[in-house]
Amino acid sequence: MVEKKDERYEDSDLYRIRHSAAHIMAQAVMEMFPGEVKIAIGPPIAEGFYYDFELPRSLTPEDLEVIEKRMLEIIGKDFEYAFEVISAEKAKEIFADQPYKIELIEGLEAGGVDEYGTPTDEAPEISIYTQDTFTDLCRGPHVARTGEINPDGLKLLNVAGAYWRGDENRPMLQRIYGTAWQSADDLEQFLWRREEAAKRDHRRLGRELDLFSTNEDVGPGLILWHPKGGMVRKIAEDYCRAEHEKAGYEFVYSPHIGKSKLWETSGHLQWFKEKMYAPLDIEGQEYYLKPMNCPFHVQIYKSNKRSYRDLPLRYAEWGTVYRYERSGVLHGLLRVRGFTQDDAHHFCRPDQMPEEIDKVLKFTLDILRAFGFEKFQAYLSTRNPEKAAGDLDDWDSSTKALRDSLDRSGIPYQIDEGEAVFYGPKIDIKLLDALGREWQLSTIQFDFNLPESFDLSYIGEDGKEHRPVMIHRALLGSMERFMGVLIEHYAGAFPVWLAPVQAVVIPIADRHLGHAERIAKRLKSSGFRVDVDARGDRMNAKIRHAQLQKIPYMLVVGDREAKTDSVSVRQRSGEDMGAMPFEEFEAILVSDVAPYR
RNA sequence: GCCCUCAUAGCUCAGACGGUAGAGCACGUUCUUGGUAAGAACGGGGUCAUGGGUUCAAUUCCCAUUGAGGGCUCCA
């Protein structure tokens, strides 16, 4: 990002340039299909702009070249942007043959929402911008003249389908994405970042590093973990389990299916059914594949009378759940149909709640930091009146409890109005990766619905039954998504503690194989993951192979090393650390992984 | 699910007016025994995603299905 820090994007020159570029694109498209184009909206977005059109035919990449060429001509003519405030009647006249614009104008007239559907306080005035032959309904702002757009900073990117107003019941439009920058350099940097992101794509790295795959016969959205990916995941899980144990969690296991009665009681069949798979018939009883683990944990809680002295109870499970996702939304490891949550449920007394939320928030951030993530943004999701179980007081008090805890934690947060799940408000934590991209993993959810519907209780100091409160949380979220994020964050070059192979021993000639095997054996017996590259290739090829596999250390051994029981160490950064005694290298490995043992 | 695009060897991709296919990498064998990012030769490997249709003939054209990619929407 190159915007100035304290300036809002909406106020920046870049925003005007992109907004204006969108208009110029619309003009070019309208000229391409005279009288046949219905224009929708075309705003600037984070790194560019788009415009949605209804067109007589599908656009091709060649069309984009033509449109881009025409845009450069329009820019070259240096047309002025004329701004005018007009009445709704006049606007309807101007856009008489543009049904989408008419709908927008009617929306503006009614007030309350702006042209992009965002709620506004006062009824906005209606304005138009005109450049050359093209007039668009628009509140601006724009650059003063088309010539202010740098033609070398402009590029059209791709075409995609998009529903009018994002509503799948409305017409499907064609959206052209483009980007515009102040300089050719900025554009180049942007394209470089895109390329870098493509290189880090976890689907590509998953194949190249032999971490995981999917398979047509297995089914879409279902992941097969290969030994290398499985190792990374195991290390991550082992580390987390140990931390959970230290933090007072107990481990439980639950089955993958449960009878329909369970899901009726829990409310899932009422609130979550569209994400659940069709039931299985077992001896005339209906069973459902689990979309969540909570009802099982609740039953474990219920298996005994609980005393106030027992609380809080924290049940953790790496539980694999299955949820129906529409085929078009599946994406690598990030959006799948079967995934394993690092799930846990806390049962506590109401008075323990604030402290419990504080603890789990801190625990979450500690774990994420351990994996190398430093920047976070939290979101507090509040009640959705359409989709909410339980009574309003509970929602209010629990939302307040979450907000108070966020305030105490000091991490920045936003409110997501109406985004809560059916059983309670929640905090979602998103993290920023090495490329500054935002990912949602962690979720901490208040749940007062299940204690109620399963009639949970504990015996208080007063000898009477009381209702416990429940927190439902996943820290890494799903292991699948987390691994996807981790792969992209590190571009596949996992830190030593997570690397599936931490070092590879490379014998220079066959006669050094014995020494290589001995080195590997000693490191393995100290608990390190070490391979010997015994293939018939030359040393150079083996080093190249290890580099491409992003193995942290390459240990070259030849005559000199065999004689002195040493290894020559090359790091995957390319740095040659030279020869060192075996013990010295082992100490390096030990210190690399020390914080995680 | 919807719109658009795509599917040829394990991977990345060529290919032909419709006449059953090729490269590089990977894999195997042999030669080479090397000092920090690819040594060489030879070899095995494809029902051209699946099912229909058109045709003398389909991997190629058409339809459907499955899967993948870019979006919309949604979320862990």
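Each chain gets a letter, A, B and so on, in the order its sequence line appears, and its residues count up from 1. Computed over heavy atoms, backbone and side chain alike; hydrogens, waters and symmetry mates excluded.
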Mind checking the P distance from C11(B) to A68(B)? Whole angstroms is fine. 14 Å

5'-most contact on RNA chain B (nearest-nucleotide basis), Arg323(A) vs Gly219(A), goes to Gly219(A)

Nucleotide U36(B), atom P - distance to NE2 of His545(A) in whole Å: 20 Å

Please verify the inter-ring angle class for Phe296(A) with Trp263(A); under 30° counts as parallel, over 60° as perpendicular, anything in between as tilted. perpendicular

Heavy-atom closest pair, residues Lys38(A) and Pro99(A): CD-CD, 3.3 Å

Could you work out the separation of G52(B) and C42(B) based on their P atoms and round it to a whole Å? 42 Å

Checking side-chain polar atoms at under 3.5 Å, does Ser254(A) have a donor or acceptor matched by the opposite partner on Lys290(A)? yes

So, is Lys426(A) close to the A76(B) phosphate, meaning a side-chain N or O under 4.0 Å from OP1 or OP2? yes

Looking only at heavy atoms, which two atoms of Met32(A) and Ile67(A) are closest? And how far apart? SD-CG1, 3.6 Å

Can you tell me the base-pairing partner of G1(B)? Count Watson-Crick or G-U wobble geometry only, both distances below 3.5 Å, and say none if there is no partner. C72(B)

From G39(B), G71(B), A76(B), nucleotide with atom closest to Tyr177(A) side chain: G71(B)

Using a heavy-atom cut-off of under 4.0 Å over every strand shown, decide if Asp510(A) touches base, sugar-phosphate, or nothing. base

Sole residue of Phe49(A), Tyr51(A), Tyr50(A) in ring-ring contact (aromatic ring centres under 6.0 Å, His included) with Tyr177(A): Tyr50(A)

Using Watson-Crick or G-U wobble geometry with both distances below 3.5 Å, tell me the partner of G67(B), or none. C6(B)

For atom CZ of Arg538(A) and atom P of C31(B), their distance in whole Å: 17 Å

Can you tell me which nucleotide in G35(B), A37(B), C72(B) comes closest to the side chain of Arg175(A)? C72(B)

Please confirm whether any donor atom in the side chain of Thr214(A) sits under 3.5 Å from an acceptor in the base of G67(B), or the reverse. no

How close or far is atom P of G71(B) from atom CZ of Phe53(A), stated in whole angstroms? 18 Å

Salt bridge Arg437(A)-Glu488(A), side-chain N to carboxylate O under 4.0 Å: yes

Could you work out which one of C75(B), U73(B), G39(B) sits closest to the side chain of Asn540(A)? G39(B)

So, with a heavy-atom separation below 4.0 Å from RNA chain B, the residues of residues 429-444 of chain A are Gln440(A), Leu441(A), Thr443(A)

Out of G67(B), G39(B), U33(B), which nucleotide sits closest to the side chain of Ala509(A)? U33(B)

Measuring only the P atom in each nucleotide, how far is C4(B) from G15(B)? A whole number of Å is fine. 25 Å

Is the ring pair Tyr249(A)/His346(A) parallel, tilted or perpendicular, if the boundaries are 30 and 60 degrees? perpendicular

Could you work out which one of A38(B), U36(B), A76(B) sits closest to the side chain of Val421(A)? A76(B)

Nearest-angstrom distance, C1' atom, A21(B) to U47(B): 13 Å

Hey, is Lys426(A) close enough to Asp428(A) for a salt bridge, meaning N to O under 4.0 Å? yes

Scan Asn215(A) against the nucleic acid and name what it touches under 4.0 Å (heavy atoms): base, sugar-phosphate only, or nothing. nothing

When you measure only distances, ignoring hydrogens and angles, does the side chain of Arg481(A) come within 3.5 Å of the base of C75(B) through a donor and an acceptor? yes

Any base atoms under 4.0 Å from Val336(A), or only sugar-phosphate, or nothing? Heavy atoms, all strands. base

His226(A) and Ser213(A): which non-hydrogen atoms are nearest, and at how many Å? CE1-OG, 2.8 Å

Heavy atoms only, 4.0 Å cut-off, all strands: where does Lys275(A) land among base, sugar-phosphate and nothing? sugar-phosphate

May I ask you to decide if the ring planes of His244(A) and Phe363(A) are parallel, tilted or perpendicular, using 30° and 60° as cut-offs? perpendicular

Please report, rounded to the nearest Å, how far the C1' atom of C75(B) is from the OH atom of Tyr423(A). 12 Å

Sugar-phosphate only, base, or nothing, as touched by Glu561(A) at under 4.0 Å among non-hydrogen atoms: base

Dump every N/O contact between nucleotides 24-29 of chain B and the protein below 3.5 Å, one line per pair.
none

Please measure how far the C1' atom in G22(B) lies from the corresponding atom in U60(B), and state the result in whole Å. 16 Å

What contact category does Arg335(A) fall into here, base, sugar-phosphate, or nothing, at under 4.0 angstrom with non-hydrogen atoms? base

Is there a donor N/O on one and an acceptor N/O on the other, under 3.5 Å, for the side chain of Arg203(A) and the base of A68(B)? no

What class does the angle between the rings of His268(A) and Phe272(A) fall in, given that below 30° is parallel, 30 to 60° is tilted and above 60° is perpendicular? perpendicular

Which whole-number value in Å describes the distance from Met539(A) CE to U33(B) C1'? 12 Å

Would you indicate which nucleotide in G1(B), U33(B), A76(B) comes nearest to any side-chain atom of Tyr324(A)? G1(B)

In Watson-Crick or G-U wobble terms, both distances under 3.5 Å, what is the partner of G43(B)? C27(B)

Which part of the nucleic acid, if any, lies within contact of Arg560(A), taking any heavy atom under 4.0 Å across all strands shown: a base, the sugar-phosphate backbone alone, or nothing? base

Length of the OH-P vector between Tyr50(A) and C72(B), whole Å: 8 Å

Check this for me: does the side-chain of Glu325(A) come within 3.5 Å of the base of A76(B) through a donor and an acceptor? yes

If I pick the C1' atom on U66(B) and the same atom on G51(B), what distance separates them, to the nearest angstrom? 10 Å

A37(B) -> Watson-Crick or G-U wobble partner, both distances under 3.5 Å, gives none

Hey, can you tell me if Phe212(A) and Trp225(A) have their rings parallel, tilted or perpendicular (30° and 60° cut-offs)? tilted

Protein heavy-atom contacts under 4.0 Å, written 5' to 3' over nucleotides 2-7 of chain B as B (base), S (sugar-phosphate only) or - (none), form the string BBS---

On RNA chain B, more 5' by nearest nucleotide between Gln445(A) and Arg544(A) is Arg544(A)

With a non-hydrogen cut-off below 4.0 angstrom, is Gly166(A) in contact with a base, only sugar-phosphate, or nothing? sugar-phosphate

Within the 4.0 Å heavy-atom criterion, would you say His331(A) contacts the bases, only the backbone, or no part of the nucleic acid? sugar-phosphate

Compute whether any side-chain donor of one residue and acceptor of the other, for Glu103(A) and Trp164(A), lie under 3.5 angstrom apart. yes

Tell me whether Glu480(A) contacts the main-chain N or O of Thr340(A) through its side chain, where contact means a donor paired with an acceptor under 3.5 Å. yes

P atom, G45(B) versus G69(B): distance in rounded Å? 31 Å

Parallel, tilted or perpendicular, judged at 30° and 60°: which one describes the rings of Tyr490(A) and Phe373(A)? tilted

U54(B) to C63(B) separation - C1' atoms, rounded to the nearest Å: 11 Å

Answer yes if the side chains of Asp592(A) and Tyr553(A) hold a donor-acceptor pair under 3.5 Å, and no otherwise. yes

Partner nucleotide, any strand, of C61(B) [Watson-Crick/G-U, under 3.5 Å]: G53(B)

